[in-house]
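Atom set for the values below is all heavy atoms of this structure, side chains included, hydrogens, waters and symmetry mates excluded. Below, read A as the first sequence line, B as the second, and so on, with proteins coming before strands; counting in each chain starts at 1. None of the values given here were measured: they were computed from a predicted structure.
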There are 2 protein chains.
Amino acid sequence: MSCAEEYTPKLRARGYRMTSQRLAILHVLHHSGGHLSPAEVYEQAHLQVPGLTETTVYRTLDFLAENGLARPAHMGSGRLVYEIARHEHHHLKCRTCGTEMEVEHALLKSMYQKLESESGYKLTDSHLTFFGLCPNCQKGD
Amino acid sequence: MSCAEEYTPKLRARGYRMTSQRLAILHVLHHSGGHLSPAEVYEQAHLQVPGLTETTVYRTLDFLAENGLARPAHMGSGRLVYEIARHEHHHLKCRTCGTEMEVEHALLKSMYQKLESESGYKLTDSHLTFFGLCPNCQKGD
DNA sequence: TTCCTTATTGCAACTTTTGGCAATAATATG
DNA sequence: CATATTATTGCCAAAAGTTGCAATAAGGAA
Ligand SMILES: [Mn+2]
Ligand SMILES: [Mn+2]
Ligand SMILES: [Zn+2]
Ligand SMILES: [Zn+2]
């Protein structure tokens with residue numbers, strides 16, 4: 001299934017329009033798979049849609065996140081990165097060497113439920129980054 | 001105990017210097033208690049140290065966070081805010097109305113331990129923001 | 001297909017944040 | 001207290017991100 005076929009209906013269902021800019025950006029996110037900065041998204045999507053501006057990239061990434069097609073992440077650089085929304089997961093990142101690993105959301109499920117029952121809130125988002133020391137960097141202290 | 005008496009030794013112990021700029025910024029964070037943006041910190045600290053620049057505020061907040069005297073937080077605006085480091089806690093924030101509440105770190109302790117044992121990482125930071133719907137906003141759906 | 005409505009984009013100005021480098025000032029030492 | 005060392009700051013310029021508004025184009029209706 002093409003990106004257009006996959007994502008257009010999701011936007012239409014919410015009353016939004018598919019545009020060449022949005023499609024190009026979704027395409028970049030979809031085929032990269034990883035976390036991309038707005039600048040990286042722009043650099044690639046720009047090739048498909050020459051007139052594309054960085055302003056539109058910022059607005060579109062925010063829009064896609066707002067509508068559940070992309071997920072924003074704070075990976076410690078102080079700047080937001082984005083990825084296509086697929087399986088629910090979180091990240092562990094080493095403060096020393098930067099090594100990352102993914103953690104399935106399932107592992108935190110019960111904690112989320114405890115948080116919900118204690119607070120009365122219904123938690124929606126789930127794409128956190130936990131910082132610490134990786135096994136290797138613990139040795140060197 | 002004054003801010004100077006409280007924080008100077010902590011910096012010295014790590015080989016750093018106490019300056020009028022750092023003291024003013026610590027003072028602002030300490031007596032506010034809440035989350036402040038760099039601009040808010042600048043606005044207040046500036047009154048005590050007229051020559052203070054925004055550049056220094058950014059650098060100092062980052063420095064204080066790096067050294068455990070302040071904690072950065074992503075509260076959903078896309079911009080970092082900071083607070084003085086006191087008890088360990090996290091935040092719940094409503095996507096709809098913005099209402100926030102604090103959650104003691106103790107509530108997540110066992111999940112942190114599970115994460116550590118599963119991953120081998122030693123988790124250091126703990127100041128997360130969970131997003132969702134508050135009890136009130138769930139009614140209106 | 002053509003027309004109409006309005007969501008979306010590009011542009012330009014503006015705000016926020018970062019980085020290099022020389023001047024300044026905290027603190028250790030004599 | 002005077003001097004030396006170097007961490008820290010201010011200044012300036014650049015990079016990253018945001019906003020208002022007029023022009024454009026997606027998609028529904030005729
Ligand atoms: Mn991710
Ligand atoms: Mn907090
Ligand atoms: Zn590591
Ligand atoms: Zn609410």
Touch class at under 4.0 angstrom, heavy-atom based, for B:G51 against every strand present: sugar-phosphate

Nearest-Å distance for atom pair CD/C1', residues B:E66 and C:dT18: 15 Å

A:R22 NZ/CZ over A:F63 ring centroid, <6.0 Å and within 45° of normal: yes

Check: A:E116 side chain, A:L123 main-chain N or O, donor-acceptor pair, under 3.5 Å: yes

Donor-acceptor contact present, side-chain A:E40 to main-chain A:V81, <3.5 Å: no

Sugar-phosphate only, base, or nothing, as touched by A:R59 at under 4.0 Å among non-hydrogen atoms: base

Sugar-phosphate, base or nothing in reach of A:T19, heavy atoms under 4.0 Å: sugar-phosphate

Side-chain donor or acceptor of B:T129 paired with backbone N/O of B:H91 under 3.5 Å: no

Identified side-chain hydrogen bond (donor to acceptor under 3.5 Å, both in side chains) partner of A:H127 from the options A:E88, A:R71, A:E83: A:E83

For atom CD of B:E54 and atom P of D:dC12, their distance in whole Å: 15 Å

Given DNA chain C, 5'-ward residue of the pair B:R12 and A:V49, judged by closest heavy atom: A:V49

Atom pair distance, as rounded to whole Å: OH in B:Y42 and P in C:dT15: 14 Å

Sugar-phosphate only, base, or nothing, as touched by B:Y16 at under 4.0 Å among non-hydrogen atoms: sugar-phosphate

Closest-nucleotide 5' rank along DNA chain D - winner of B:R17 and B:G78: B:R17

Euclidean distance, atom CG of residue A:L80 to atom P of D:dA15 [Å, nearest integer]: 21 Å

Phosphate OP1/OP2 of D:dG17 contacted by A:Y58 side-chain N/O (<4.0 Å): yes

Selected nucleotide, minimal atom distance to B:R22 side chain, candidates C:dA7, D:dT8, D:dG10: D:dT8

d(NE2, A:H74; P, D:dG17) in whole Å: 12 Å

Phosphate OP1/OP2 of C:dG10 contacted by A:T56 side-chain N/O (<4.0 Å): yes

Interatomic distance where CG belongs to A:L23 and P belongs to D:dA25 [whole Å]: 16 Å

From D:dG27, D:dC12, C:dT9, nucleotide with atom closest to B:T55 side chain: D:dC12

Contact under 4.0 Å: A:Q21 side-chain N or O vs D:dA26 OP1/OP2: no

Residue whose nearest DNA chain C nucleotide is more 5′ - A:G15 or B:S20: A:G15

Nucleotide D:dT8, atom P - distance to CG of B:L64 in whole Å: 11 Å

Interatomic distance where CG belongs to B:L52 and C1' belongs to D:dT8 [whole Å]: 12 Å

